[in-house]
Structure formats: C-alpha cells, structure tokens
Colleague: 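A single structure is presented below for examination.
Both counts, for ligands and for their atoms, begin at 1 and track the order of listing. This chain uses plain numbering: 1 for the first residue, then up along the sequence. Below, all heavy atoms of this structure are taken into account, side chains as well, without hydrogens, waters or symmetry copies.
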Amino acid sequence: MPLIDLSLLRQALGPMASRFDVDALDSCTSTNALLLERANQAAPAGTVLVSDRQTAGRGRRGRSWNSSPEDSLTFSLLWRWPASPARLAGLSLAVGLALARGLEALGFAEVGLKWPNDLYLSGHRGEAKLGGILVELAADRRGIQVVIGIGLNLRAPAPEQLEQPAAGLAQLGPLPERHLLLATLLTHLMATLDAFEPQGFAPLQPEWQRRHIWQGRPVRLLEEGQVLAEGRCLGADAEGSLLLETRAGIQRFLAGDVSLRAQ
Ligand code: ATP
C-alpha cells in the first residue's frame, strides 16, 4: 500500500480535488519519466504521480535524485502550455516560489530559493538543499506538455551520498501529515501556474527575489566544473534569467547547463 491514500488526499484537497487526477505508487523508476510516458498517451493536465520510492530519480543533466519512502516526498504534475516555449522561461523559478509559499502556509517560513530550481534551508541553521525541481517538456500536436517533478526531503539524506550539503524539513519544525503536505503543495502549485499562464514570471519576480538566498552575495557560475563567471548575485530578472554584477558589468545568464555556487 502506498503511503498516500487517495481518498485522504481528496479530502485534504477539498474543492481543489477536481483539478487533479492523482495516482499513488509504491515504486517507479522516476515520476517524471513515467508521467512523460503517460502524457504521450494523452493523460490530462492535472495528472499527478506520487511515488514512495524512485529507483532512478533524476535531477538536471542526467544526475540522480536520492529519496527514500518515509523520508521524502517525490511527485510530478502534468500541465499543458498553450503558448510559445520561449514564454516558459522562469517556470522552474515560479514552481520554487509556489512550493515555498505552500511550505510557509504550513508554518515553514524559512525556506529559501536558489536559482534556478532548488529549495534551500538558509539562515542561522546553515545552507543546505531541501528540495529540487525538474521541469521537462514534450511537444505534441496539442501543444507543449510540461512535466514538473518535485523531490522534497522530509529528513536529510545521508551526506556521503551527495556532493553538496542537504537538509530535511524536520530540521525546521514538526513534519506535517503527509496528505496535508502534498495537498498544500499541489494547491499552491496550481494557483501559481494559474497566475503564470497569462503573465509569466514577471509578477512573481519581486517575491522570488525576497526569498532568494544569495541576493547581493558573491557567487560563481560553473559550467562543467569550470568557472564561467563570478560576481555579486543580483538574483533573477523578470524572465527568470540570472543576473550577475561582474567586473565587465551586469551579465545575464539563462538556466542552461550551469550551476550557481556561493563563494
Ligand atoms: P546545481 O546545484 O549544480 O545547479 P541542481 O540544483 O540543478 O544542481 P539537480 O540536478 O536538480 O541539481 O539535482 C541533482 C543534484 O542534487 C545531484 O548532483 C545531487 O548531488 C543532489 N541531490 C540528489 N538527491 C538529493 C537530495 N535528496 N537532497 C539534496 N540534494 C540531492
């Protein structure tokens, strides 16, 4: 039996339940990979896959995402995008903001955002990754299908498995009940996507900046391990690109194969 019971989730979603079609699994390779397959078989927008275990959970550039059933929440949401893919810039930042809003509504006010796609614990407890977002796209004749994958640590994974420090939500306070947590995150995701669809990232940018962990701090941007740029981090612009104040002036970077690190 999966940890998520669909009737309890429906209750927790209340009136928002009609916007989602949820499938809960004990195990799968990757909720994003499986949802992309279902999207190709015409699954409706609002389809959600939540899995206790992922045997091949993934991050950007083919890297892996670690999770374990009791200590993580991993799920993916299918959404359809009627417009040009260029207007999707900033979506993973909008998703991060939605999750931070949802966690704040549950009493976790100290969740920060790192460009372009991470949830971070920040402040006096140190800096460590609390969750990751992986947005993947597939096009068909109906438009663009957007698969939004979320991996959230409820408790921190073992440090030896990871390149960078990781944190768990339990470090910030008592963990919410799992159905309430998933329902709250889905509700905030849908509300933020509803706002993103007509207006893009621009109206969300000021709030993203307030939650951005490295605003004004010296950072470096890496590409395949090499330093691509360094300077003071000015956060994201209205399209979701990264702004760095470098010796050569303000430079703008799209979220491609680059990684941001604090100096
Ligand atoms: P970068 O910091 O380089 O921009 P990213 O934030 O894009 O990376 P992702 O590709 O989203 O990273 O996630 C994969 C990376 O996250 C892996 O390299 C791994 O080190 C780390 N990671 C994997 N599982 C977890 C986890 N449960 N908690 C925290 N970090 C993790």
Side-chain angles (χ1 to χ4, degrees), residues 28-33 50-77 89-100 103 108 111-122 125-137 146-172 175 181 185 208 211-214 217 219-230 233 235-236 240-244 253-263:
C28 70
T29 50
S30 137
T31 55
N32 261 33
V50 52
S51 184
D52 298 347
R53 190 182 300 278
Q54 292 191 107
T55 55
R58 52 195 209 204
R60 296 195 299 156
R61 284 162 276 159
R63 291 182 306 184
S64 59
W65 184 261
N66 301 4
S67 62
S68 63
E70 297 286 343
D71 294 341
S72 321
L73 179 65
T74 51
F75 64 98
S76 299
L77 165 68
L91 178 63
S92 64
L93 285 78
V95 169
L97 180 59
L99 299 176
L103 291 170
F108 299 95
V111 175
L113 298 170
K114 182 196 139 198
W115 185 89
N117 63 339
D118 288 332
L119 293 180
Y120 252 68
L121 178 113
S122 66
R125 289 183 174 87
E127 277 178 356
K129 189 147 139 182
L130 200 55
I133 294 158
L134 179 65
V135 174
E136 296 185 283
L137 308 178
V146 184
V147 169
I148 300 168
I150 316 288
L152 178 65
N153 299 330
L154 305 182
R155 293 180 197 83
E160 58 276 13
Q161 300 170 354
L162 303 169
E163 293 153 25
Q164 295 172 71
L169 209 53
Q171 287 164 247
L172 292 176
L175 287 175
L181 173 61
L185 296 181
W208 192 93
R211 295 177 186 265
H212 172 220
I213 53 168
W214 292 339
R217 298 234 322 243
V219 293
R220 62 166 69 105
L221 197 61
L222 306 179
E223 189 176 40
E224 293 180 2
Q226 305 294 314
V227 178
L228 184 67
E230 42 193 353
C233 189
S241 296
L242 177 74
L243 295 176
L244 287 191
F253 298 90
L254 301 174
D257 289 350
V258 290
S259 297
L260 190 62
R261 298 283 179 269
Q263 299 251 33

Colleague: Does a side chain donor of either S76 or T31 reach within less than 3.5 Å of an acceptor in the other side chain?
Modeller: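 Distance-only check passes for S76 and T31.
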Colleague: Can you find a non-hydrogen atom of G132 under 4.0 Å from ligand 1?
Modeller: no
Colleague: Salt bridge (Lys or Arg N to Asp or Glu O under 4.0 Å), that's the test. Do E163 and K129 meet it? Break it down for me.
Modeller: CA-CA 11 Å; E163 293 153 25; K129 189 147 139 182; over 6 Å; no
Colleague: Could you check atom 22 (N) of ligand 1 against the protein and tell me its nearest heavy-atom contact, residue, atom and distance included?
Modeller: L162 CD2, 3.4 Å
Colleague: For atom 24 (N) of ligand 1, which of the options N66, T74, L130 provides the nearest non-hydrogen atom?
Modeller: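 Selected option, by shortest heavy-atom distance: N66.
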Colleague: Around atom 14 (C) of ligand 1, find the nearest protein heavy atom and jot down its residue, atom name and distance.
Modeller: S64 O, 3.7 Å
Colleague: Looking only at atom types and distance, does a side-chain atom of N32 sit under 3.5 Å from a main-chain N or O of G149, one as donor and one as acceptor?
Modeller: yes
Colleague: Identify the two heavy atoms, one from A33 and one from S30, that lie closest to each other, and give their separation to 0.1 Å.
Modeller: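 Distance-wise, the nearest heavy atoms are N-OG, 3.0 Å.
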Colleague: Can a non-hydrogen atom of A156 be found less than 4.0 Å from any atom of ligand 1?
Modeller: no
Colleague: Working to the nearest 0.5 Å, report the span between CG of L172 and CG of L130.
Modeller: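 Output value for this atom pair is 6.5 Å.
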Colleague: Out of curiosity, L162 CG to N66 CG, how far, rounded to the nearest 0.5 Å?
Modeller: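 Reported value, rounded in 0.5 Å steps: 5.0 Å.
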Colleague: Does the pair R217 and E127 meet the rule for a salt bridge (Lys or Arg N to Asp or Glu O under 4.0 Å), with working shown?
Modeller: CA-CA 13 Å; R217 298 234 322 243; E127 277 178 356; 3.0 Å; yes
Colleague: Write out the residue and atom name of the closest protein heavy atom to atom 8 (O) of ligand 1, then the distance separating them to 0.1 Å.
Modeller: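 Protein heavy atom with the smallest distance to atom 8 (O) of ligand 1: R63 NH2, 2.8 Å.
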Colleague: What protein heavy atom lies closest to atom 29 (C) of ligand 1? Include the residue and the distance to one decimal.
Modeller: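 Sorting protein heavy atoms by distance from atom 29 (C) of ligand 1 puts A166 CB, 3.5 Å first.
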Colleague: With heavy atoms under 4.0 Å as the rule, classify the contact between P157 and ligand 1 as side chain, backbone, both or neither.
Modeller: side chain
Colleague: Below 4.0 Å, non-hydrogen atoms only: which portion of L134 touches ligand 1? Side chain, backbone, both or neither.
Modeller: neither
Colleague: Write down the atom of R155, the atom of L175, and the distance for their closest heavy-atom approach.
Modeller: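 Looking at all heavy atoms of both residues, the closest pair is NH2-CD1, 3.5 Å.
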Colleague: Which of the atoms of ligand 1 are close to R261, meaning less than 4.0 Å from one of its heavy atoms?
Modeller: 1 (P), 2 (O), 3 (O)
Colleague: What are the two closest non-hydrogen atoms of L119 and G96, and how far apart are they?
Modeller: CD2-O, 3.7 Å
Colleague: Should you measure from each heavy atom of S259, which atoms of ligand 1 turn up under 4.0 Å away?
Modeller: 1 (P), 3 (O), 4 (O)
Colleague: Do E70 and R53 sit within salt-bridge range, that is, some charged N less than 4.0 Å from a carboxylate O?
Modeller: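 Salt bridge: no.
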Colleague: Identify the closest protein heavy atom to atom 10 (O) of ligand 1: which residue and atom is it, and at what distance?
Modeller: R60 N, 2.6 Å
Colleague: Indicate, as side chain, backbone, both or neither, the part of S72 found under 4.0 angstrom from ligand 1 when only non-hydrogen atoms are considered.
Modeller: neither
Colleague: Tell me which protein heavy atom sits closest to atom 28 (N) of ligand 1, plus the residue, atom name and distance to 0.1 Å.
Modeller: N153 ND2, 2.9 Å
Colleague: Could you name the option among K129, Q164, E163 that has the heavy atom nearest to atom 15 (C) of ligand 1?
Modeller: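 Going through K129, Q164, E163 one by one, K129 has the nearest heavy atom to atom 15 (C) of ligand 1.
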Colleague: Which residue owns the protein heavy atom closest to atom 11 (O) of ligand 1, what's the atom, and how far is it?
Modeller: N117 ND2, 3.6 Å
Colleague: Applying a 4.0 Å heavy-atom criterion (strictly less than), which segment of D118 is in contact with ligand 1: side chain, backbone, both, or neither?
Modeller: side chain
Colleague: To the nearest 0.1 Å, how far is atom 2 (O) of ligand 1 from its closest protein heavy atom, and which atom is that?
Modeller: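 Checking every protein heavy atom, the shortest distance to atom 2 (O) of ligand 1 gives K114 NZ, 2.7 Å.
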Colleague: Rounded to the nearest 0.5 Å, what's the gap from CZ on R220 to SG on C233? Could you check?
Modeller: 13.5 Å
